[in-house]
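Notes to accompany the following structure.
Convention: sequence-line order gives letters A, B, ...; per-chain numbering from 1.
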Amino acid sequence: MDLRLTETQEILKQSARDFLTTECPKSLVRELEQGEMGYAPELWKKMAELGWLGLIIPEEYDGMGYTFQDLAVLLEEIGRSILPGPLLATLTSVFAVLEAGTEEQKRELLPKIAQGELILTTALLEGEGIFDASGIAVKAAPQGDDFTIDGTKLFVEMAHVADYILCVTRTNTGTSPEKGVTVLIVDSTTPGISCEVIPTTAEDKLCEVRFENVKVPKKNILGKLDEGWPIVETMLRKGAIAKCAESIGAIQACVDMTVAYSKERVQYERPIGAFQALQHRMADMWTAMGTSRYLVYEAAWMESEGLPCAKEASMAKAYVNEVYKNVAKWAVRLHGAIATSADHDIPLYYRRSKAADTAYGGTDFHREIVAQKIGLT
Amino acid sequence: MDFSLTDEQKARKQEFYDTCKELEKRKPPSFLGFETIYEDDECWEYNLHCAREFAKKGWLALGWPPEYDGQGDMMDKVLFAEARGYHGIPGVDIFGVQMLAPTLLQAASEEIKREFLPPIARGEVMWCELWSEPNAGSDLAALAATAIRKGDEYVINGQKTWNTGAHKADWGFGVFKTDPAARKHHNMTFILFDMKTPGITIRPIPYLDGHAPYCEVYFDDVHVTAKNIVGQEHEGWAVVNLLAGFERSGINEIMSMLRGLEQLVAFCNQTKRHGQPLSKNLLVRNRLAELACELEAARALAYRVADLQNRDEMSLMDASAGKIFFSELGERFAFLATDILGPYGQVKTSRWAPLDGIWERMFHEHFITTISMGTNEIQRNIIAWYGLGLPRMR
Ligand SMILES: Cc1cc2nc3c(=O)[nH]c(=O)nc-3n(C[C@H](O)[C@H](O)[C@H](O)COP(=O)(O)OP(=O)(O)OC[C@H]3O[C@@H](n4cnc5c(N)ncnc54)[C@H](O)[C@@H]3O)c2cc1C
């Protein structure tokens, strides 16, 4: 056991922090929130040059061949600086392609992703907004060499700038909702696809994607026909851990900013950080951060080692969801009015805590997985 | 980051678990958790039995240097605590083995080490801690009991309180004012003494459930040889602080909660309410899952603390965070479990009590971890002042 970061991870962390400090000031975050695209293409290129976009892509596909755990370390820094953009959306698709893609699909997609030439996203949720297979109704009907997709997907991250959409479709109504789900790799320029950005708390460009008579060649199936749900489970599991890694970086930022401010802000002739009511709250924020961090590291380590970790991933997500929201809330409260203003940095985190919570399954969704995994029948 | 154990550690861990599992089979029916060793003669005997079994294997000296017949390292100690926690096995004297021995190793003279360490390793001598006084709790340095030097002896007078197991222990360690005129923190000495020394009176105090795990101890001209001290004379405060930093991972308590969770899950699977197993109740599922997440978070942090300790890089802040978290998790767990059990949650061990009435006990036992060993408020002060660098209260 050695819970310190490895040397590689320390270097990755430091270089990410340096890079993001100069390249991702909060002014950029605000600009991207208000802009239409939601990401900065020049920055995306630079991230590709740094090897981040191909970090976990094997070297044979022009990636860096790093571990999932290394990725978690990078994402912690990304979360600390709340860099907006389609990074996690693309990575989530990478998880799926790595797991289920054919050699041809991998050769086609992965090198271009690593070079920053392709943005991918996954279209999972629909009207009900649930993460279970029973929520998948959008049909993909076979027609000759094609499938025809009809229906509407919701909360698709960054779909408006994506080159490909991994669309989770219903191809069969089998014995259980999990049977008959197929993942299709859809070129976003295919006729019949339209996309609209949904206004959200974090302004993070979640989209409504409408499919009207959209033709997708059968060879674009990811994995097997009707057997796509396990791919979705992989995406949700790895995505959940990845999101948690971002969140612990964000939690750290909230704690750091709050502690620093409490040493500067003077009321009643003393820094507010001298008030024990605030000290104990900050101690609790710090404690919550520590418990979150090692829970996430444990899950990331298991994922890296290829150990089954559906339980740990869901535990991490269910736990960190609540910690992030609460730490960010207390960060606002401890700052007072200043942190309720749009010009302050803390609200950027507070708003993102809601986005982080919903992405890859909310608290109750993951608690139900945990309930099953601890043996409740 | 690497959470894995070496093959050697895995084998050790297995051995710890196997031994504890065997010992669990010999639990007397009256044994209902660690605190009961102080409350019941049969349980105390069981405690001594487990101590002797562990001593035979050398496990009471885990992490000690070889010259004192020690074996293993801090990580072994943690794995051992894990196994004991899971199987709920006593036998490792929290005061002698967990607190005093590492203190002696770091701060005592060679003579004192040679005299007191071997009986601890053999599981022969049980200890108690005599620090708190009626007017010195969190602010321990405000203590009043004195030990005045007369030739080659100290003569102790005063009162200590809340001393766990003082009525069972063979020996005690305490802090007393030896130089009442000196300034705070440089006026007290850390002294070891036989609890049967004339002049010591021990009065058990009933805990809120009526059992008596702790005592008041009165000292009336108690003579103790002056060589029985740890650290320098008048510098006992440094020793107190040293001791407060040992084996703080909480893994023992956490594993015991994990076992409790497993038993509760089995209970929910088997027990019908409203015509269906409790396990089908969505609220029960959600609340138990929430607790399971917190428990895993506590466990991961405990490994972090253990890993740091094993590397001699102990961070007070992490240890305090761990203590706050697992102890308050204990409170939440007790509330949750007694809630799920409905009216049965209040039933003491008897034929009406599900799960041996263990949750009824937990409903009040959790105070032990939140209040003793530095209250959780004091732990929060430690994080705020020493960890986050916030202005210290004056
Ligand atoms: C079950 C149990 C077993 C024990 N066993 C032993 C034993 O074996 N040996 C022994 O010597 N002692 C023992 N103790 C005593 C224990 O060490 C003290 O209870 C503890 O140090 C707190 O002191 P106190 O109870 O006097 O509370 P106080 O110090 O009077 O505190 C009362 C309240 O004020 C808060 N408070 C105090 N100071 C501060 C501060 N600076 N900032 C914020 N809040 C503060 C506390 O957190 C608490 O909530 C035991 C206690 C219990 C409950």
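- Scanning both residues, Met315(A) and Ala292(B), for their nearest heavy atoms gives CE-O, 3.5 Å.
- When side chains are defined from C-beta on, Met1(B) counts as touching Gln69(A), because their heavy atoms get closer than 4.5 Å.
- Separating the CD atom in Glu290(B) from the NE2 atom in His366(A) is a distance of 15.0 Å, to the nearest 0.5 Å.
- For the options Asp307(B), Leu301(B), Ile383(B), heavy-atom pairs under 4.5 Å to chain A are most numerous at Asp307(B).
- For a residue to count as touching a neighbouring chain, one of its non-hydrogen atoms must lie under 4.5 Å from one of that chain's; by this rule Asn381(B) touches chain A with backbone and side chain alike.
- Taking both residues in full, the closest heavy atoms of Leu388(B) and Val259(A) are given as O-CG1, 3.6 Å, listed atom of the first, atom of the second, then distance.
- More than 12 non-hydrogen atoms from other residues, nucleotides or ligands lie less than 6.0 angstrom from CZ of Arg332(B).
- With a 4.5 Å cut-off on non-hydrogen atoms, Gln276(A) touches chain B through its side chain but not through its backbone.
- Surrounding CG of Asp73(B) are more than 12 heavy atoms belonging to other residues, nucleotides or ligands, all under 6.0 Å away.
- The number of heavy-atom neighbours closer than 6.0 Å to CZ of Phe267(B), taken from other residues, nucleotides and ligands shown, is above 12.
- Comparing Leu3(A), Leu295(A), Thr291(A) by how many heavy-atom pairs each has under 4.5 Å with chain B, the most go to Leu3(A).
- Between Phe325(B) and Tyr319(A), the ring planes are perpendicular. Angles over 60° get that label, and only those under 30° would be called parallel.
- Scanning both residues, Lys263(A) and Gly389(B), for their nearest heavy atoms gives CE-O, 3.2 Å.
- Enclosure of atom CD in Gln276(B) by more than 12 non-hydrogen atoms of other residues, nucleotides or ligands within 6.0 angstrom is indicated.
- Contact of Glu377(B) with chain A is made through backbone and side chain together, with heavy-atom distances under 4.5 Å.
- For a residue to count as touching a neighbouring chain, one of its non-hydrogen atoms must lie under 4.5 Å from one of that chain's; by this rule Asn269(B) touches chain A with backbone and side chain alike.
- Leu390(B) approaches Ser262(A) most closely through the heavy-atom pair CD2-OG, 3.3 Å.
- Between Asp2(A) and Arg311(B), at least one side-chain nitrogen of the basic residue sits less than 4.0 Å from a carboxylate oxygen of the acidic one, meeting the salt-bridge criterion.
- When each of Asp256(A), Asp284(A), Leu5(A), Val255(A) is checked for heavy-atom pairs under 4.5 Å with chain B, Asp284(A) comes out on top.
- No part of Glu328(B) comes within reach of chain A, as not one of its non-hydrogen atoms sits under 4.5 angstrom from that chain.
- Residues Arg304(B) and Glu298(A) have side chains not in contact (no heavy-atom distance under 4.5 Å, counting atoms from C-beta outward).
- Both the backbone and the side chain of Thr6(A) come within contact range of chain B, with heavy atoms under 4.5 Å apart.
- Heavy-atom neighbours of chain B within the stretch residues 367-377 of chain A, taken at a separation under 4.5 angstrom, comprise Arg367(A), Glu368(A), Val370(A), Ala371(A), Gln372(A), Ile374(A), Gly375(A), Leu376(A), Thr377(A).
- Of the two parts of Ile324(B), only the side chain, counted from C-beta on, holds a non-hydrogen atom closer than 4.5 Å to a non-hydrogen atom of chain A.
- Looking at Asn376(B), neither its backbone nor its side chain comes within 4.5 Å of chain A, counting heavy atoms on both sides.
- Looking at heavy atoms from C-beta onward, Met1(A) lies in side-chain contact with Met75(B) at the 4.5 angstrom threshold.
- The contact between Val73(A) and chain B is made entirely by side chain atoms (from C-beta outward), counting heavy-atom distances below 4.5 Å.
- Contact record, Trp286(A) with Ala321(B): CZ3-CB, 3.7 Å, taken as the closest heavy-atom pair.
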